[in-house]
Amino acid sequence: MTGIDVARPTAPPLARWTVAPIWSEGLAAALVWIGAGALTLAWPDLTPWARTGLWALFQFALAAPLLALSLAGASWTLTGRLKPAGRWLIALPLALSAWQVLTAKTGILPLPFFPPPQSILEVYTDDAGRLVESVVHSLALLLPGYFAGALFGFAIGVAVGWSKTASYWGHPILRFVGPLPATAWLPVAFFFFPGARSASTFLIGLSTLFPVAVLTASGVGSVLSGYYDIARTLGASRSFLIRKVAVPAALPHVFVGLFMGLGASFAVLIVAEMMGVKAGLGWYLQWAQGWAAYANLYGALIIMALLFSGLIALLFAVRDRVLAWQKGMVRW
Amino acid sequence: MTALEQTLDVPSASSAHGLSVQVRRVSHAFATKTGQLPVLDDVSFTIEAGEFVALLGPSGCGKSTLLRLLSGLDAPREGKIGADGVRITGPDPSRLLVFQDPTLYPWRSVRQNLAVGLETRGVLKAQKGRVDEILRLVGLEAFADALPHELSGGMAQRAALGRVLVNDPRLLLLDEPLGKLDALTRMTLQEELLKIWQARRFTSVLVTHDVEEALLLAQRILVFSDRPARIIRELAVPLDYPRRRDDPAFVALRQEILSGLAPH
């Protein structure tokens, strides 16, 4: 051991270059992606697909930066960020290749229910316009309803958590009506509102409102009484107690409500789009199903998963900033 | 704590700063599921302005309830409580509490915690320097921007003390503020508390079940019985500050109190 320690300072500077560590998992992943691309090209499709060449190119294109990063060494920050995903980056091309072999190359999994990856790529190249439009429509329907529901839910929650009167009247209603899934209101809402859009916005708001209200109320209700005592002896007004003590102390609960509300609002969004709105990703799903366009169906599902998990990740990023004071925060 | 020595010379510290306290025939009870639980039984005493008095008694006897009544957070069932001869009807920033738990607001930095009282009274802008002054006094200037969960128990309790001192209280109510600290930190904070009291001349009421702590800090000790609490003894501590635990007079006083507390 000591011999190594002594030898290190005397080693020539060139040694640093020769021992630059290679990110071995990254290198393996790059090779597997190249292999997957080669397999796509070398093994002819059972019935030729239009985007097989592009699919191979896509896989080679992913291999290139991985190869560069792994050879450039583990010292790069980008490499450091990707490193934990190393085994996923190897498994992904293997799974995609297996999927392709079972579908396009051998037909073991039958069409039209099991489209190959290149057909989903084809959906993205040939139907991009409609998909983008659907995403825009979905967001335009989701976000106003979600924010309105979150805002009202927060206000109701603070009132019910703070005031005995509001709790007496509000709490039973929340408990009685809250468990109803917002989608159950769909027929009623479509009847009362002038259009499917406004009805859906209302229902998305409703689905967000309940969890946010219930959790905000429980958060305000469970604030340590000592926090109020301190503020009261220091001369705090009622408004100070609510704004500067109750609300910040309840925020961890509020964010759980916002998270649950977001999940509920996704469900309502998709059902509303399928039932009456005639636009957005939910509508796209139903349209694709009507034409037995399974590749479009899976393509839209993948986009939906990316969109929704992205929104949740965004919410958690906001929470991590707002609740940075919390110790031992639960990560998502 | 060099800052402390400096503040000792502050001329504004006058003996008239503290509030006097009058407690007259106070009884109190809590409503429980099974009925009324009496906690205070006909308690009367007076505290002079600027005095340091310890309320000594077994855990859970009702001493803390008495402090809450003095702070104005709760009102007594029977009897009267006054400060400077004026009846206490509610909380006021001139009478401030420090709890056993620091109860710092975890979403506020140390500096922001200290500033709460200035904020509630709307004088934060006018007295901005006040927070820094107290941060130095309690030795937390290096931790001004730390969050409460980053503090040790002793530092958190210093911050809690600082949060009330910022408001220049005339009556400081200490509810076993050092009870959860390790022995070494407790000794340090006892000394600092004493210095701050000597410098600022507010009236101090310390609730404790630690006989030594009462003897180290207080000029007078009121000994309470088990619940419902009554005053069973009153005893002056005629020793000069700083007091030494191995001083024969100190040891004798401790023996005297302890023998009186022994179960009969």
Side-chain angles (χ1 to χ4, degrees), chain A residues 150 154 157-158 161-162 164 212 215-259 315-331, chain B residues 64-65 67-74 88 90-110 112-124 145-151 156 159-173 175 177:
Chain A
F154 177 73
V158 170
W162 180 264
K164 284 213 168 90
V212 173
L215 275 141
T216 304
S218 87
V220 170
S222 59
V223 175
L224 278 181
S225 63
Y227 290 163
Y228 293 131
D229 288 343
I230 294 282
R232 282 176 59 208
T233 54
L234 291 171
S237 62
R238 209 169 74 129
S239 132
F240 186 94
L241 290 178
I242 297 175
R243 287 180 303 112
K244 298 290 185 86
V245 180
V247 166
L251 272 186
H253 280 78
V254 175
F255 272 99
V256 176
L258 287 172
F259 169 62
L315 177 70
F316 274 71
V318 170
R319 186 200 67 158
D320 289 354
R321 277 194 79 93
V322 174
L323 299 185
W325 51 267
Q326 252 193 321
K327 194 169 130 186
M329 212 169 14
V330 182
R331 302 248 158 226
Chain B
S64 301
T65 308
L67 277 202
R68 285 184 68 86
L69 300 181
L70 288 175
S71 76
L73 283 171
D74 295 326
I88 292 173
D92 187 274
S94 66
R95 293 175 266 113
L96 291 178
L97 259 169
V98 180
F99 297 112
Q100 187 172 27
D101 286 309
T103 345
L104 298 170
Y105 298 116
W107 54 90
R108 284 170 169 256
S109 68
V110 169
Q112 290 168 333
N113 263 289
L114 262 65
V116 168
L118 304 179
E119 239 177 284
T120 56
R121 290 183 287 128
V123 294
L124 183 58
D145 298 314
L147 286 165
H149 75 77
E150 297 165 316
L151 301 180
L161 185 63
R163 181 171 54 182
V164 302
L165 291 178
V166 164
N167 306 283
D168 204 14
R170 300 181 61 201
L171 172 62
L172 187 61
L173 304 164
D175 190 358

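We name chains A, B, ... by the order of the sequence lines, and we start the count at 1 in each one.
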Test: B/Arg68 and A/Asp229 ion pair at under 4.0 Å: yes

Sequence-distant partners of B/Ala159, side-chain contact (heavy atoms from CB on, under 4.5 Å), two or more places apart: B/Leu104, B/Val110, B/Leu114, B/Leu140, B/Leu151

Under 4.5 Å from any heavy atom of chain A - which part of B/Asp92: backbone

Option that, when pairs with chain B are counted at under 4.5 Å, heavy atom only, ranks first among A/Ser237, A/Ala231, A/Ala249: A/Ala249

Selection from B/Gly90, B/Ser94, B/Pro106, B/Pro169 maximising heavy-atom pairs under 4.5 Å formed with chain A: B/Pro106

Ring center gap for A/Phe316 and A/Phe259 short of 6.0 angstrom: yes

Side chain, backbone, both or neither of A/Phe240 within contact of chain B (heavy atoms, under 4.5 Å): side chain

Test side-chain contact (heavy atoms from CB on, under 4.5 Å) applied to B/Ser71 - qualifying residues, sequence neighbours left out: A/Thr233, B/Leu73, B/Leu97, B/Leu173

